[in-house]
Amino acid sequence: MFSFRALASLALGLTLMFDSWGYVMPHQDPTDILILVNKQNRAPAVPVTLVKPDVTPTRESVAENIYMRPEAASALEALFEGAAEAGLTLYATSGYRSYSTQKAIFDRKAAERGEQAANRSVAKPGYSEHQTGLAMDIEGETTLGTGLTEAFGESPEGIWVAEHCHEYGFIIRYPKDKTNITGYIYEPWHIRYVGVEAATEITELGVTFEEYILMVRGDRIEELKGDVMQDEEAS
Ligand SMILES: [Zn+2]
């Protein structure tokens with residue numbers, strides 16, 4: 001379908017453009033598993049069908065916070081089983097979040113650290129990928145109890161997830177050193193379901209989801225001229 005080499009060089013060119021402009025996806029289908037939600041693209045405010053994946057929550061208090069869309073939930077179960085076959089135990093911490101839940105999380109972080117700092121690690125309400133039902137924050141046995149930290153990325157579970165999650169249709173949504181593109185710090189614990197085909201292409205190309213969407217849906221994108229990211233952070 002694509003020449004990977006051509007795509008990779010295109011990705012490099014596109015990446016260079018991200019410092020100075022953002023973009024919006026007009027009229028996204030809320031049921032599309034390739035829906036793009038980031039600091040410029042709001043999560044659709046429509047109900048999505050949600051189910052609770054049959055996986056172990058990190059702790060009992062988060063057991064009701066791990067709902068996902070059905071296709072993502074099945075894939076998550078398979079991912080956790082795959083890890084178990086490799087002798088590793090994964091836990092689910094946070095899946096679907098409503099607008100009001102996200103608002104509570106953002107407000108708490110902003111009260112602790114100020115709004116600008118909060119915006120680098122927590123999405124503003126309406127702009128969280130968790131609102132799609134396609135994202136999950138996960139933890140592993142090795143770093144259990146330490147919360148969602150970069151240490152997960154160095155743990156055996158985090159290394160396994162980074163290597164294998166695409167086989168189950170997931171990507172590490174906020175990779176290391178890609179903050180200028182994704183708008184977020186490195187989050188090895190936040191995985192996003194995009195389906196096996198897209199996840200495999202994204203992983204083989206070594207690109208972010210933003211770059212991938214530009215490649216496959218560039219014709220639908222509207223450019224936002226100006227310093228959108230900076231405005232957002234300063235607001
Ligand atoms: Zn997350």
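Throughout, numbering of the chain's residues begins at 1 and tracks the sequence. In each ligand, atom 1 is the first atom listed, and ligand 1 is the first ligand listed.
- For D137, the N/O/S atom at the shortest distance from the Zn ion (ligand 1) is named OD1.
- Among residues at least two apart or in separate chains, salt bridge (charged side-chain N to carboxylate O under 4.0 Å, His left out) pairs with a member in residues 136-153 are R97-D137.
- The N, O or S atom of H190 lying closest to the Zn ion (ligand 1) is ND1.
- Contacts of T56 classified as side-chain hydrogen bond (donor to acceptor under 3.5 Å, both in side chains), with partners at least two apart in sequence or in another chain: none.
- The minimum distance between the Zn ion (ligand 1) and any N, O or S atom of H130 involves atom NE2.
- Y184 carries K39 over the face of its six-membered ring, with the cationic atom under 6.0 Å from the centre and within 45° of the normal.
- Y168 and W160 have tilted rings, their planes meeting at an angle from 30° to 60° on a 0 to 90° scale.
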